[in-house]
Engineer: 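Let me give you the structure first, and then I'll get to my questions.
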Amino acid sequence: MAYKTLITVFLISAVPLAILLALEIKSPSNATSYPYQSQGWFRECSKWDDHDRRFIVSFMEGGIGQISVPKNEESRSPFLKEDLLVKDADLGGNGTLGLRIDRPRNRLVVAVADVWGNRFGAVASYDLSTWRRLFLTVLAGPEDGESLADDVAVDEEGNAYVTDAKGNRIWKVGPKGELLSTIMSKAFSERKEWYYNLVGLNGIAYHPNGYLLVLHTSSGALFKVDIATEEVTKVVLVRGSLITGDGIELLSPTKLAVAGAVPSCRVVTSSDDWVTAAVVERYMGPMHRFASSVTVKDGKVYVNHLFGLGLWQRKHLITEAVFSPL
Ligand SMILES: *[C@@H]1O[C@H](CO)[C@@H](O)[C@H](O)[C@H]1NC(C)=O
Ligand SMILES: *[C@@H]1O[C@H](CO)[C@@H](O)[C@H](O)[C@H]1NC(C)=O
């Protein structure tokens with residue numbers, strides 16, 4: 001129901017066109033943005049690939065694409081083009097959601113889910129040069145209850161960790177795609193109210209000290225999951241809130257960027273190895289477009305927006321996050 005709810009709310013909320021237009025025109029000051037033309041309405045995740053100067057983008061209708069950025073950025077056209085890289089016939093109408101570049105292994109790891117029916121979840125990996133599929137591991141089928149394989153992190157050994165935003169679990173898959181374990185914890189769903197559970201475990205990042213940071217969207221809880229013991233602890237947020245947070249990216253061992261609905265992006269810092277943390281900065285982007293993931297390009301933070309706008313061609317947006325202190 002996660003995305004269904006979200007998108008239905010978006011479509012029927014009858015946001016007056018004038019407001020939408022005003023939000024669109026509101027200039028993003030002198031920050032850099034990468035608008036691009038696309039065939040699809042929803043783009044859940046994009047990550048910058050500095051080797052090949054492109055954003056790799058996941059298609060919610062299924063598939064993976066790229067937005068190439070010319071070396072001489074001044075000369076780029078106002079709208080970049082989205083090229084299709086992968087569309088697997090055997091995945092039918094399943095969507096591609098979170099993705100990670102696993103640089104040491106020259107591959108991409110993506111979460112695949114039945115976005116509308118919540119009856120299928122998988123993780124797939126592709127060679128970044130040939131786009132050959134290296135593995136496809138089914139994580140959940142109709143018999144496993146509702147699932148939404150949403151986002152993915154990769155550790156130094158090449159293990160992938162996929163969050164289930166419906167079932168509040170984390171699947172661990174080895175470097176060759178073998179399912180190793182399913183991490184579950186009461187802590188993941190300690191808030192029972194429905195509005196704290198519309199979208200569960202979502203953004204996930206690997207921390208070099210041997211744990212994962214995982215965000216629960218509807219409750220705003222941030223968890224630390226020890227990779228060796230699979231022990232789950234809740235990070236104590238001493239300042240600010242992370243409700244509506246979506247994709248996350250570690251900027252440094254002590255600094256995490258969190259994309260989300262409102263605001264579009266937040267910076268969270270921790271000085272005690274993520275026992276406690278504080279929201280210290282925020283970026284108010286084009287909120288009607290719904291920021292859903294975050295990436296780093298040339299030392300700057302960029303935010304991917306879920307919704308495309310436009311009649312004939314969808315216009316999508318990746319914007320630089322210009323933070324202001326809280
Ligand atoms: C825009 O440029 C000015 C002057 O260089 C700088 O002070 C300001 O921080 C910039 N604003 C943004 C949003 O990057
Ligand atoms: C998702 O993929 C699985 C495996 O190929 C397939 O059985 C299922 O029908 C697909 N779901 C959708 C919504 O296309």
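Whatever order the structure lists them in is the order used to number ligands and atoms, beginning at 1. Hydrogens, waters and symmetry mates play no part in the numbers below; they use all other heavy atoms, side chains included. All values derive from a computational prediction rather than experimental measurement.
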Engineer: Are R314 and Q37 side-chain neighbours, meaning at least one heavy-atom pair lies under 4.5 Å?
Structural biologist: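 The answer is no, as the side chains (C-beta and beyond) never meet within the 4.5 Å cut-off.
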Engineer: Report the residue from E44, Q39, E82 that forms a side chain to side chain contact (heavy atoms under 4.5 Å, CB included) with F59.
Structural biologist: E82
Engineer: Salt bridge check: are R100 and D151 linked by an N-O gap of less than 4.0 Å?
Structural biologist: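 No salt bridge links R100 with D151.
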Engineer: side-chain hydrogen bond (donor to acceptor under 3.5 Å, both in side chains) with Y126: which residues, sequence neighbours excluded?
Structural biologist: D88
Engineer: Give the protein residues with at least one non-hydrogen atom closer than 4.0 Å to an atom of ligand 2, ordered by chain and number.
Structural biologist: D90, L91, G92, G93, N94, D114, F120
Engineer: Check residues 179-188 and write down every donor-acceptor pair under 3.5 Å in which the side-chain atom is one partner and the other belongs to a residue at least two apart or another chain.
Structural biologist:
from, atom 1, to, atom 2, distance (Å)
S181, OG, E230, OE2, 2.8
S185, OG, A187, N, 3.0

Engineer: Does any pair with a residue in residues 231-240 pass side chain to side chain donor-acceptor pair (under 3.5 Å), and if so which ones, sequence neighbours excluded?
Structural biologist: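 Output for this query lists E190-K234.
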